[in-house]
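The sequence lines fix the lettering, A, B, ..., with proteins before strands; numbering per chain opens at 1.
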Amino acid sequence: MGERMLTAEGLTKEFAPEIRVIEDMSFSVERGRSLTIIGPSGCGKSTLLYMLAGLSRPTAGKVLIEGREVKGPSREVGMILQDFGLLPWKTVWGNICLGMRIRNVPKDEQDRRARDIIRYLGLEGHEDDYPSRMSGGERQRLAIGRALVMDPSVLLMDEPFSSLDTLTRERLQNTLLEVREQKGLTMVTVTHSIEEAVFLGDEIMVLGGRPCGIRAIVPNPGAGGMGYRSDERFFAVCREVRRAVEGL
Amino acid sequence: MNKQRLLGYALSLATCLLAWKVAAVLLSSPVLPGPEETLRAFAAAVGTSEFWSNFAASTFRVLSSIGLAWLLAFPLGIMIGYDRKTDRYVSPLIFLTYPIPKMVFLPVMILLFGLGDLSKILLITLVVFFQILVATKEGVSGLDRKYIDSMRSMGATEGDIIREAVIPAALPSCFTALRIITGTSISVLYFAETFAGTSGLGYMITNAWTWGNYTDIYVGILAMSILGIAIYETFTWMERRMCRWTRAAEDEPGGGWSWDKAVNYAQMIKLSHTVFALPFGLAALVILSTDHTITVEMVLWIIVAIVGARSAAMGFNRIVDAGIDSRNPRTSGRHIPRGTLSVKQAWSFTLLSAFVFVGAAAMLSPLCFVLSFPVLAVLFGYSYTKRFTSASHLVLGISIGLMPLGASVAVAGTITEATAVLSLALSTYIAGFDILYACQDIEFDRREGLRSIPSRLGVPAALAASSALHVISIASLAALYWMLPMGPAYILCIFLIGALFIVEHLLVRPSDLTRINVAFFNVNSIISVMVFVSMVMGVYLL
Ligand SMILES: Nc1ncnc2c1ncn2[C@@H]1O[C@H](COP(=O)(O)OP(=O)(O)OP(=O)(O)O)[C@@H](O)[C@H]1O
Ligand SMILES: [Mg+2]
């Protein structure tokens, strides 16, 4: 532990010379730890995540994964987009196998890994369903499965649970904690919900301003257990994050 | 093809044939032969090699044109839809040439490529190319960025993205375009074939036109329509295979055609009852055969008309009474209240049946066609009568009693005395047992404010009324013995039918109505068959 898995150094993004969205952001996440990012809508959270995933190049600064500079999408990083980006013309099975096909994983290994992940996420019996036929929670699990099946060491998620009801949402948050524990995943999660940020993050990064910068990084040492939601410390951190968000 | 589409096709086919027949009857000119004449000519043409060589020539031209246009337009559409740079350079060119009517290039095509297949194929290709191109481009432009981003985050190359995301996204709109251009391409084909060349269906039509051979024109039109429908349906089928996901969102369970559904329809209209009513219609034919000639065709259309009318009436009745039926414990198992058939399906069924009836009437004679509408009005009107008069049983009797009268008009052009008496027998027979039926629903009818003899007069009086009606019925049947040259066997049959009526009434007692269903089903079927048998015996066994 203590090893830096993901590092951002002086990240800046401009879409046009006069439109600067993100300015000089530096932070790092240690291996196996979880960072949650919270901030007002339109401040640049998705833009930041795109740069971390190597989907867009920073105007200045750089992203490092295990000390190597990110120049494009990599095997190490799995990403779950806002609204998932599940292909509507592919079945559950087709969506799960998509990444492995792109990476030329041998067919029998594809089958084995897809079966494992489908069982793990409780999607058995849905293999031949299309995403449009599934419930929000099932779609979400499929999106998680599609990222996890590639066995990444870093998982980036953009508002993964925003469209779900509280119960489903909390169940999936628990699932996520479990997966992280088992696989030693490093996670970065963007969210709109203070409770979710505090439940999932070992640290909570509050963004704000125009151009967007880091306003606060709130430590959250109690996170990681399923029972944390009713812990006194949970509420204390929630209050602290709320103050930071409202202070923007 | 699912049931909805099949029903749609059947309905529109029936409408077309009906309109066609009516127009042919009204016009009564060789320019517009009737559908049956055309079908006969078509059947004859199908046996000739000349027809098939024309059909094959046209099919080859249309299919090669569509194939060629697709091969050129689909990849180009994908490219300009996906790649902004190509789009910037190619699109202005396309949209500049898009509005130019391509048909006018036919002379140029002929000058360049001669009178053979090539010029025709290229002309059609030119016309439909743009439609496929534009539709494909639209499909790709509608592709959400997030699909591409999510694939790129997995390390997808441009090739992966085009194969796994761009092409599937373009398919549905491409298929829509292909189905639309099916019609267009056949029109252009016709134009090209009439203009130049000596083969193809278009040539066949023009040729028939030149020689004043009107029926052959319609044979050609029919062949072209069949070609169009076949291509169209092939595209629909391909889309269903290749774009399963577009249906995943809308498919509801039980949407397809199945044996169960067929059974549901048959039960909804009590097909068995139709079969039991049919003998009366046939009995009328037996009577009429004593002094009129009856062709096989007449018998066929009369049966079609009876089944159509009966189905339409029952279907309509179930729709109108769906609310009432669902509240009545005896009928709540019927198909609409139970939800196994939707009201929309029942409507399509009823409409289709009505079309079949009117069409069959038109095939019989213009007078039958005209009269079929008031008949439908009576059949449909019956469904409302029990809301305001307890004479509804009689209206039902008259509705069904119209059957021998219709047969008489069809065969003799008028209502003969004997069929009128048979009609009276049938009407009173039906009205009588409808009263017995209604005895089961007294409680319910009174609660719902529905009118019926039993609910108004009580069960004993209702049974008496029913008996009286059945006495009239048997008396009318007996009267036929003196009106027609009948043999003694007929009297024997009448006694038998009388005995069956007595059995029926003995089965039903005011204190015990439970046997009505069994009594009805068995005895009624025997009675109606007996009526037919007695006519045959009476008329032919002198
Ligand atoms: N390709 C682009 N070109 C120009 N401006 C862009 C582009 N992408 C994003 N932006 C702008 O950058 C800003 C940040 O966008 P971003 O999607 O990162 O916000 P967000 O914090 O994720 O918002 P939300 O919480 O609503 O998802 C917005 O003002 C947006 O309009
Ligand atoms: Mg966002």
Asks: If you tally heavy-atom pairs under 4.5 Å against chain B, which of Arg75(A), Met100(A), Arg101(A) wins?
Replies: Arg101(A)
Asks: Please classify the contact of Leu143(B) with chain A as side chain, backbone, both or neither, using a heavy-atom distance under 4.5 Å.
Replies: side chain
Asks: For Asp149(B), is it the side chain, the backbone, both or neither that has a heavy atom under 4.5 Å from a heavy atom of chain A?
Replies: both
Asks: When you compare the side chains of Glu196(A) and Thr191(A), does any donor N or O come within less than 3.5 Å of an acceptor on the partner?
Replies: yes
Asks: How about Leu133(B) and Tyr98(B): do any of their side-chain heavy atoms sit closer than 4.5 Å?
Replies: no
Asks: Could you check whether any side-chain heavy atom of Thr189(A) comes within less than 4.5 Å of a side-chain heavy atom of Thr36(A), counting everything from C-beta outward?
Replies: yes
Asks: Indicate yes or no: at least one non-hydrogen side-chain atom of Met154(B) is less than 4.5 angstrom from one of Arg146(A).
Replies: yes
Asks: Relative to chain B, which segment of Tyr50(A) carries a heavy atom at a distance below 4.5 Å: side chain, backbone, both, or neither?
Replies: side chain
Asks: Hey, which of Pro211(A), Cys212(A), Pro58(A), Ser56(A) is the one that makes side-chain contact (heavy atoms from CB on, under 4.5 Å) with Lys13(A)?
Replies: Ser56(A)
Asks: Flag the one option from Val77(A), Asp129(A), Leu87(A), Ile80(A) with the top tally of heavy-atom pairs under 4.5 Å to chain B.
Replies: Leu87(A)
Asks: Pick one of side chain, backbone, both or neither for Leu81(A), based on which atoms fall under 4.5 Å of a heavy atom in chain B.
Replies: side chain
Asks: Between Val190(A) and Gln82(A), is there a side-chain heavy-atom distance shorter than 4.5 Å?
Replies: no
Asks: Please look at Leu86(A) and chain B and tell me whether the side chain, the backbone, both or neither of the residue comes under 4.5 angstrom of a heavy atom of that chain.
Replies: backbone
